[in-house]
Asks: 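Sharing a structure with you now.
The figures that follow rest on heavy atoms only: side chains count, while hydrogens, waters and symmetry mates do not. For ligands, and for the atoms within them, numbers begin at 1 and follow the listed sequence.
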Amino acid sequence: MQELAPGVHAYVQPDGGWCLNNAGWVTDGENTLLVDTAATLRRAHRLREAVRASGAPLPSALVNTHHHGDHTYGNSVFAPEATVIGHTACRRETLRAGHQLHQIWPEVDFGDVVVTAPTVTYPDELTVHVGELEVRLIHPGVAHTPGDTVVWLPERRVAFAGDLIFHQGTPFLLMGSLAGSLRALERLRALDARTVVPGHGPVTGPEVYDTTERYLRFVDELARDAHPRGLTPLEAARGAELGEFAELAESERLVANLHRAYAELDGRPPGAELDITAAWRDMELLRDGRPLACHA
Ligand SMILES: [Zn+2]
C-alpha cells in the first residue's frame, strides 16, 4: 500500500506478473472509491483489509479499469455495498468472459468467484465525486480491451491507467487494439499526470509512456514486415530481435500482440474477437512449451 497523495492510495502486488494486478482507492474519510480488485477471493479480502487498515471506510463505489478477471474477480467481496462502475463494454465483456481465468488456469484456487459486472456503465466519460475530490473516468477507446477506463484525479495529477500500462512488463493487446493502444497513450499523455499507477508493476511517472510507445511501434513494424511475407505470428515472434524489450517481464506476449496486429492489418476492427486459444498456445510455444504461470 502506498499513499500517493492525501486520500489516494495505490495497492501494488509484486511482481506484477500474470494475475498480479494493482488496485487503489480514493477516500475523503467518509466515502471511498476503489479502483479494481484482485484475481482471487483471498487476495480481494486482503485488499479489503488494507482499505480498512488505512482508516478509510469500506468502498461505496468500485471502478473496474477493464473486465479481466485479475481486476474484477474480487468484485463480489465489495458489492453490493459498493456500486460497481465500468465502461459499457466492460460490463458486456465481464459477463461474456465469465470464469475465464478458471479455464485458463484450472489449477489455481481463485475461490468461489461470483462474476459481478458493473451495474453503472458509461459510454465515454463519467465524473464521480469523492467529497471535494473529482474522479474522472475516461474511456480512451479500445486499447487493452474494448472497455478500458482510465481513472484520473485532476487535482492530484494521479492517473490509474489500468492495463494500458504494464510497468516493467510487456504490454498485452490480444483482446484490444494496437492502433487503439497508441491512441490511448496520446490521451494519457494529454492528462499530464505526475503519478501513474499501472495495471501491473510499480507506481511510476509519465516517463513510462515512452517505453510503452516504443514497444507498440516495435510490434507494429514487426507485423508490417512479417505479415506480407507470409510469416505466422509465431514465426515473426521467433525471428524478432527484442533488444531493450527483452528486459520486460512476460515477453511471450509478443506473439499474442502480433495476432492482434495481424488482425488489424487484415482490416479487422479494434477489439474484434480473435482465437484466444491459438494465441495462448503460441505464447507457450514461444516459451518452448512451458505453460504460463498465474502467480495469484
Ligand atoms: Zn488485463
Asks: So which protein N/O/S atoms does the Zn ion (ligand 1) have within less than 2.8 Å?
Replies: His66 NE2, His68 ND1, His144 NE2, Asp163 OD2
Asks: Check this for me, if you would: do Asp275 and Arg281 make a salt bridge, where the nitrogen-to-carboxylate-oxygen distance has to be below 4.0 angstrom?
Replies: no
Asks: Out of the candidates Ile165, Leu188, Leu182, only one should pair with Thr212 under the side chain to side chain contact (heavy atoms under 4.5 Å, CB included) rule; please name it.
Replies: Ile165
Asks: Could you check whether Arg46 makes a cation-pi contact with Tyr11, meaning its NZ or CZ is under 6.0 Å from the centre of the six-membered ring and within 45° of the ring axis?
Replies: no
Asks: Measure from NZ or CZ of Arg253 to the centre of the six-membered ring of Trp18, then state whether that distance is under 6.0 Å and the direction lies within 45° of the axis.
Replies: yes
Asks: With no hydrogens and no angle check, just 3.5 Å: does a side-chain donor-acceptor pair link Thr65 and Asp36?
Replies: yes
Asks: Just checking, any donor-acceptor pair under 3.5 angstrom between side chains of His200 and Asp70?
Replies: yes
